[in-house]
K.L.:
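Have a look at this one.
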Amino acid sequence: MHRYRTHTCGELGKENIDQTVKISGWINSVRDHGGILFIDLRDHYGLTQIVIDPSQPFYKGVEHWRVESTVCFIGKVVSRIPEAVNSKLATGEIEVVAEEMELLGEAAVIPFQVAKDEECNETLRLEYRFLDLRRQSLHNNIILRSKVISRMRELMTGLGFMEIQTPILTNSSPEGARDYLVPSRVHPGKFYALPQAPQQFKQLLMTSGFDRYFQIAPCFRDEDARADRSPGEFYQLDMEMAFATQDDVFEVNEEVLYKLFTEFSDKQVDKPPFLRLPFLEAMEKYGSDKPDLRNPLIMQDATELFRDCDFKAFAGVVASGGVVKTIAAKGCAGKSRKFFDDMIKFAQSVGAKGLGYLRWIDGEVQSPIAKFLSDETLAQIKELGGVGDGDVMFFIADKLKGANEIGAAVRDELGQRLELIDPDVFKFCWIVDFPMYELDDEGKVEFSHNPFSMPQGGMKDIEEKAPLDILAFQYDIVCNGTELSSGAVRNHNPELMVKAFDIAGYDQSVVEAKFPALHRAFQYGAPPHAGIAPGVDRIVMLLADEPNIREVIAFPMNQRAQDLLMGAPGNVEHNQLRDLHLKLNLPKKAEKEETVEAE
RNA sequence: GGGGGUGUAGCUCAAUUGGUUAGAGCGCCAGCCUGUCACGCUGGAGGUUGCGAGUUCGAGUCUCGUCACUCUCGCCA
């Protein structure tokens with residue numbers, strides 16, 4: 001007989017009756033009737049009921065049948081009497097009558113309940129993550145994550161992709177987020193950086209003749225957390241394809257994502273090909289480059305209708321170069337005064353000066369602003385929105401950028417409040433045709449996304465078009481308003497690369513200095529190539545229907561990028577610093593803490 | 001770095017307008033209980049209301065500061 005078990009806690013059934021078995025697990029719950037004791041024994045696979053008769057010598061030997069202790073039982077599998085069958089349990093037709101017992105690991109009093117589904121302070125959960133991970137919902141999320149990643153590998157390998165590891169200790173990249181740095185002992189004053197993504201390595205693999213690369217790649221970025229962004233590190237299904245076009249990348253990803261989402265969720269999934277939405281159209285209609293297409297509301301431009309109207313607040317915005325955006329919402333004219341007041345408050349909370357609206361009720365327009373608008377204008381507005389009796393149109397007046405941002409937020413809020421968002425579907429779309437360049441706050445031309453993207457018109461466009469009019473073969477994949485990834489057809493032509501950087505104000509020496517590997521590699525016959533890297537954590541988050549990314553990561557850091565279980569980041573010994581040729585220069589506040597800890 | 005929210009027993013929460021000794025469920029401890037399955041019943045312990053100041057006859061409640069967590073803006077090629 002095995003040292004710990006002949007069966008798991010999830011597999012015994014009627015067919016095992018009369019067998020003597022050995023099972024080990026955690027005490028999930030104890031029901032002590034004085035004359036008889038029931039224990040639900042739990043492991044990764046399930047629950048099995050153990051019955052202990054008080055005549056057994058170990059019955060009194062155990063002082064506390066404390067939950068979450070690990071125990072091993074030898075006993076006989078017996079059939080439960082019909083009235084005692086538990087249909088909620090896979091093993092509910094049988095129970096194990098204990099004959100021998102061994103305590104494997106006693107549990108102290110636990111800080112929060114494991115067996116019961118009870119909300120709990122997240123700091124405590126992170127400090128006791130090993131307990132939290134025993135709990136069903138988190139445990140299941142990690143199982144799901146494992147299955148999803150395993151399936152990703154199968155699907156990618158099946159499509160002819162090879163998984164290749166790339167370095168974790170690499171060089172700092174000049175673009176993008178702040179890097180995590182690792183000081184070099186051998187080279188005083190020099191640093192490795194953890195990769196923000198294996199971007200340059202995968203492009204080098206393409207120039208090395210590997211046709212299709214993928215990797216479940218760890219990425220490290222020193223940026224602040226969000227609900228859908230874990231600080232420090234995250235994983236991408238990183239991929240790159242040689243001699244490939246944008247359509248080739250779309251085809252692969254549509255197949256992989258469609259299969260993953262249909263296999264691991266019961267929700268209805270968009271069938272490929274997914275909708276392709278040009279960036280400009282997305283901004284016009286949704287005010288966002290990651291629209292939630294479950295929400296049917298769209299924004300329209302009503303700027304011209306307000307240009308010469310008597311409503312000075314709007315006319316003034318238009319006169320100064322701003323826009324008026326409108327969202328038509330069907331059937332909500334009957335909503336309460338509070339609904340509209342709340343919407344105005346909400347709009348103000350996201351930076352709007354106000355939120356105008358027109359309501360059509362019983363053939364009449366009701367609105368604080370209607371009196372400023374002529375009948376003709378009102379008719380034109382009505383036609384623009386395609387609205388009638390019972391409908392409402394909301395209006396946002398601001399500079400274009402502000403109006404889009406506020407409009408996007410109002411659209412989301414209306415979608416939720418009016419319950420327009422179907423929770424049981426996954427809506428995918430590609431955002432395509434991103435501009436290659438944009439203006440930064442100081443009015444300087446800079447790359448709007450990836451500097452390695454291929455401009456759509458090639459050398460001709462780069463030389464002839466105004467920088468802001470140049471589009472890139474740059475794309476995002478969006479699902480239910482979550483950006484899963486950016487990708488691009490890469491610029492594999494070193495001359496074109498130098499030109500593209502030149503427009504953003506970097507001369508050739510900068511390209512050579514900052515991206516020496518790619519610049520050199522592309523001199524020796526680079527294949528045209530393209531790729532993308534969908535976020536693994538976000539995919540699992542959507543599949544698990546979790547609003548928070550930490551619920552799909554086994555050991556996440558908190559918002560301040562601390563691992564509360566391991567105590568990272570932590571102090572190191574002075575000799576470690578000395579080996580690395582480092583001296584600390586701490587801000588005043590941290591210096592105090594350092595002194596206290598040293599004492 | 002900025003803004004919002006939260007902070008009361010080990011955990012989840014309650015406590016009227018500022019007013020008696022800050023309560024409940026779960027957990028914990030003791031006892032009872034032979035068919036439960038979130039077992040049940042009886043009793044008990046457990047509190048610097050995050051921390052510090054202020055207003056007041058009186059503060060869990062109001063004000064200011066501070067700390068922590070969280071959501072968010074900045075940031076995320």
Side-chain angles (χ1 to χ4, degrees), chain A residues 28-42 47-55 59 63-64 66-68 78 80-89 91-92 95 97 108-128 131-132 172-179 196-197 199-200 219-232 234 290 345-346 349-351 405 409 434 436-438 440-441 446-453 472 474 483 486-488 500-501 504 506 514-515 533 535 547-548 550 558-560 562 564 589:
Chain A
N28 194 65
S29 64
V30 180
R31 294 176 293 279
D32 187 350
H33 289 249
I36 189 169
L37 179 74
F38 298 101
I39 284 176
D40 285 344
L41 199 66
R42 183 195 73 236
L47 283 177
T48 297
Q49 176 163 280
I50 310 289
V51 190
I52 299 170
D53 189 277
S55 66
Y59 175 77
E63 207 171 328
H64 304 283
R66 196 172 272 156
V67 290
E68 296 310 316
V78 301
R80 294 198 194 186
I81 57 169
E83 302 84 71
V85 166
N86 186 347
S87 57
K88 283 185 283 184
L89 229 52
T91 60
E95 60 196 0
V97 180
V109 175
I110 50 178
F112 54 83
Q113 295 306 296
V114 169
K116 292 171 184 175
D117 202 19
E118 188 180 65
E119 287 293 310
C120 172
N121 174 287
E122 193 165 6
T123 305
L124 202 63
R125 289 178 55 200
L126 291 173
E127 282 171 14
Y128 292 88
L131 288 180
D132 197 18
S172 177
S173 68
E175 303 279 333
R178 274 184 297 270
D179 287 312
Q196 296 189 19
Q199 181 65 39
Q200 295 187 64
C219 302
F220 306 88
R221 296 179 192 174
D222 185 1
E223 290 303 326
D224 289 340
R226 291 289 181 276
D228 63 355
R229 204 166 78 201
S230 193
F234 62 96
K290 45 174 184 173
K345 264 188 221 152
F346 172 81
S349 77
V350 292
E405 282 167 10
F434 277 86
M436 184 86 187
Y437 302 98
E438 62 187 8
D440 68 12
D441 295 337
E446 62 172 8
F447 290 110
S448 63
H449 272 75
N450 187 326
F452 306 115
S453 298
Q474 166 87 40
E483 182 194 316
S486 286
F501 273 83
Y506 305 101
K514 298 286 189 187
F515 307 102
N548 188 307
R550 293 182 297 275
N558 70 5
Q559 190 165 41
R560 293 184 60 203
Q562 295 166 302
L564 298 177
K589 212 166 150 190

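All values below come from the heavy atoms of this structure, side chains included, with hydrogens, waters and symmetry mates left out. Here is how names work: the chains are called A, B, and so on, in the same order as the sequence lines, proteins then strands, and each is numbered from 1.
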K.L.:
For A:Asp32 and B:A30, give me the distance from atom CG to atom C1', rounded to whole Å.
P.N.:
13 Å
K.L.:
Given the C1' atoms of B:G25 and B:U8, what is the spacing between them in whole Å?
P.N.:
15 Å
K.L.:
How far does the C1' atom of B:A9 sit from the matching atom of B:C26, given to the nearest Å?
P.N.:
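Their C1' atoms lie roughly 12 Å apart.
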K.L.:
So, is A:Arg229 close to the B:G74 phosphate, meaning a side-chain N or O under 4.0 Å from OP1 or OP2?
P.N.:
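So the side-chain polar atoms of A:Arg229 never come under 4.0 Å of the phosphate oxygens OP1 or OP2 of B:G74.
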K.L.:
Does the ring of A:Phe112 meet both stacking tests against the six-membered base ring of B:C11: centre distance under 5.5 Å and plane angle under 30°?
P.N.:
no
K.L.:
Determine the interatomic distance between P on B:U49 and the same-named atom on B:G3; round to the nearest Å.
P.N.:
28 Å
K.L.:
With RNA chain B as reference, determine whether A:Pro54 or A:Asp40 sits nearer its 5' end, using the nearest nucleotide of each.
P.N.:
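The 5'-side residue here is A:Pro54.
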K.L.:
Rounded off to whole Å, could you give me the NZ-to-C1' distance for the A:Lys345 and B:G4 pair?
P.N.:
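Taking atom C1' of B:G4 as the reference, NZ of A:Lys345 is at 15 Å.
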K.L.:
Starting at atom CD of A:Glu119, determine the distance to atom C1' of B:G25, rounded to an integer number of angstrom.
P.N.:
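Between C1' of B:G25 and CD of A:Glu119: 16 Å.
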K.L.:
Under 5.5 Å centre to centre and under 30° between planes: does that hold for A:His33 and the six-membered base ring of B:C39?
P.N.:
yes
K.L.:
Please compare A:Ile36 and A:Glu118 by the position of their nearest nucleotide in RNA chain B and report the one closer to 5'.
P.N.:
A:Glu118
K.L.:
A:Asn548 has a side chain; which of B:C71, B:U36, B:C75 sits nearest to it?
P.N.:
B:C71
K.L.:
Please state the C1' separation for the pair B:A22 and B:U16 - nearest whole angstrom.
P.N.:
15 Å
K.L.:
Could you give the distance separating B:G54 and B:C71 at their C1' atoms, to the nearest angstrom?
P.N.:
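Looking at atom C1' only, B:C71 and B:G54 are 31 Å apart.
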K.L.:
Can you identify which nucleotide, out of B:G1, B:G27, B:U36, has its nearest atom closest to the A:Val109 side chain?
P.N.:
B:G27
K.L.:
NA contact type, A:Leu124, heavy-atom cut-off 4.0 Å: base, sugar-phosphate, or nothing?
P.N.:
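The answer is sugar-phosphate, as A:Leu124 gets under 4.0 Å only of primed atoms, P, OP1 or OP2.
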K.L.:
Please classify the nucleic acid contact of A:Arg66 as base, sugar-phosphate, or nothing, using heavy-atom distances under 4.0 Å.
P.N.:
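Here A:Arg66 touches the backbone only, sparing every base.
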K.L.:
Is A:Lys88 near enough to B:A38 that one of its side-chain N or O atoms lies under 4.0 angstrom from OP1 or OP2?
P.N.:
yes
K.L.:
At under 4.0 Å between heavy atoms, what does A:Gln559 touch on the DNA or RNA strands: base, sugar-phosphate, or nothing?
P.N.:
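It contacts base atoms.
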K.L.:
Between B:C39 atom P and A:Ile50 atom CD1, what is the distance in whole Å?
P.N.:
15 Å
K.L.:
Across all strands, who's sitting opposite B:A30 as a Watson-Crick or G-U wobble pair, both distances under 3.5 Å?
P.N.:
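Pair assignment: B:A30 / B:U42.
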K.L.:
Measuring to OP1 and OP2 of B:C75, would you say a side-chain N or O of A:Arg178 lies under 4.0 angstrom away?
P.N.:
no
K.L.:
Which of these nucleotides, B:A68, B:G10, B:U70, is closest to any side-chain atom of A:Pro111?
P.N.:
B:G10
K.L.:
Aromatic contact between A:Phe220 and A:Phe234, with the criterion being ring centroids under 6.0 Å apart: yes or no?
P.N.:
no
K.L.:
Is the A:Phe452 ring parallel, tilted or perpendicular to the A:Phe501 ring (thresholds 30°, 60°)?
P.N.:
tilted
K.L.:
Mind checking who B:U17 pairs with, Watson-Crick or G-U wobble, both distances under 3.5 Å?
P.N.:
none
K.L.:
Measure from the side chain of A:Ala227, starting at C-beta and using heavy atoms only, and say which of B:C26, B:C37, B:U72 lies closest.
P.N.:
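Nearest to the side chain of A:Ala227 among the choices is B:U72.
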K.L.:
What integer number of Å spans the C1' atoms of B:G27 and B:U70?
P.N.:
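Straight-line distance between the two C1' atoms is 25 Å.
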K.L.:
What nucleic acid atoms does A:Asp222 come within less than 4.0 Å of, heavy atoms only: base, sugar-phosphate, or nothing?
P.N.:
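Since no nucleic acid heavy atom lies under 4.0 Å of A:Asp222, the category is nothing.
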K.L.:
Side chains of A:Thr123 and A:Leu564: closer than 4.5 Å at any heavy-atom pair?
P.N.:
yes
K.L.:
Can you confirm whether the side chains of A:Arg31 and A:Ser29 place a donor and an acceptor under 3.5 Å from each other?
P.N.:
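Yes, A:Ser29 and A:Arg31 have a side-chain donor paired with an acceptor closer than 3.5 Å.
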K.L.:
Distance check needed: B:C76 P versus A:Gln199 CD, whole Å only.
P.N.:
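Computing the A:Gln199:CD to B:C76:P distance gives 16 Å.
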K.L.:
What heavy-atom pair brings A:Glu223 and A:Pro231 nearest, and what distance separates the two atoms?
P.N.:
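Closest pair (atom of A:Glu223, atom of A:Pro231, distance): O-CB, 3.9 Å.
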K.L.:
Contact class for A:Gln196 vs. all strands (heavy atom < 4.0 Å): base, sugar-phosphate, or nothing?
P.N.:
nothing
K.L.:
So how far is it from A:Asp132 CG to A:Leu126 CG, rounded to the nearest 0.5 Å?
P.N.:
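A:Asp132 CG to A:Leu126 CG: 7.5 Å, rounded to 0.5 Å.
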K.L.:
I want to check one thing: is the phosphate of B:U36, taken as OP1 and OP2, less than 4.0 Å away from some side-chain N or O of A:Arg31?
P.N.:
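For B:U36, neither OP1 nor OP2 has a side-chain N or O of A:Arg31 closer than 4.0 Å.
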K.L.:
Give the intermediate values and the outcome of salt bridge (Lys or Arg N to Asp or Glu O under 4.0 Å) for residues A:Glu68 and A:Arg42.
P.N.:
CA-CA 9 Å; A:Glu68 296 310 316; A:Arg42 183 195 73 236; 2.8 Å; yes
K.L.:
CG of A:Leu126 versus P of B:A68: gap in Å, rounded?
P.N.:
16 Å
K.L.:
Looking at B:A68, I'd like to know if its phosphate oxygens (OP1 or OP2) sit under 4.0 Å from a side-chain N or O belonging to A:Thr123.
P.N.:
no
K.L.:
With a 4.0 Å cut-off on heavy atoms, is A:Glu95 in touch with a base, just the backbone sugar-phosphate, or nothing at all?
P.N.:
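The residue A:Glu95 makes base contact.
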K.L.:
Considering all heavy atoms of both residues, which atom of A:Gln196 and which atom of A:Ser173 are nearest to each other, and what is their separation?
P.N.:
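The pair with the smallest heavy-atom distance is NE2-OG, 3.8 Å.
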K.L.:
When both hydrogen-bonding distances must be under 3.5 Å and the geometry is Watson-Crick or G-U wobble, what is B:C76 paired with, if anything?
P.N.:
none
K.L.:
Could you tell me how far apart A:Asn121 (CG) and B:G50 (C1') are, to the nearest whole angstrom?
P.N.:
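Going from A:Asn121 (CG) to B:G50 (C1'), I get 12 Å.
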K.L.:
Could you let me know what B:U6 is paired to, Watson-Crick or G-U wobble, both distances under 3.5 Å, or none if it's on its own?
P.N.:
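Base partner found: B:A68.
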K.L.:
Between B:U36, B:C26, B:C28, which one does the side chain of A:Ala84 approach most closely?
P.N.:
B:U36
K.L.:
A:Gln562 side chain N/O closer than 4.0 Å to the phosphate oxygens (OP1, OP2) of B:C69?
P.N.:
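So the side chain of A:Gln562 is within the cut-off, an N or O lying under 4.0 Å from OP1 or OP2 of B:C69.
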K.L.:
So what does A:Arg226 touch, heavy atoms closer than 4.0 Å: a base, only the sugar-phosphate, or nothing?
P.N.:
base
K.L.:
Report which part of the nucleic acid A:Glu122 touches: base, sugar-phosphate, or nothing (heavy-atom distance under 4.0 Å, all strands).
P.N.:
sugar-phosphate
K.L.:
A:Asn558 has an atom CG; how far is it from atom P of B:C71, in whole Å?
P.N.:
10 Å
K.L.:
Between B:C62 and B:C69, how far apart are the P atoms? Round to whole Å, please.
P.N.:
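It comes out at 24 Å once rounded to the nearest Å.
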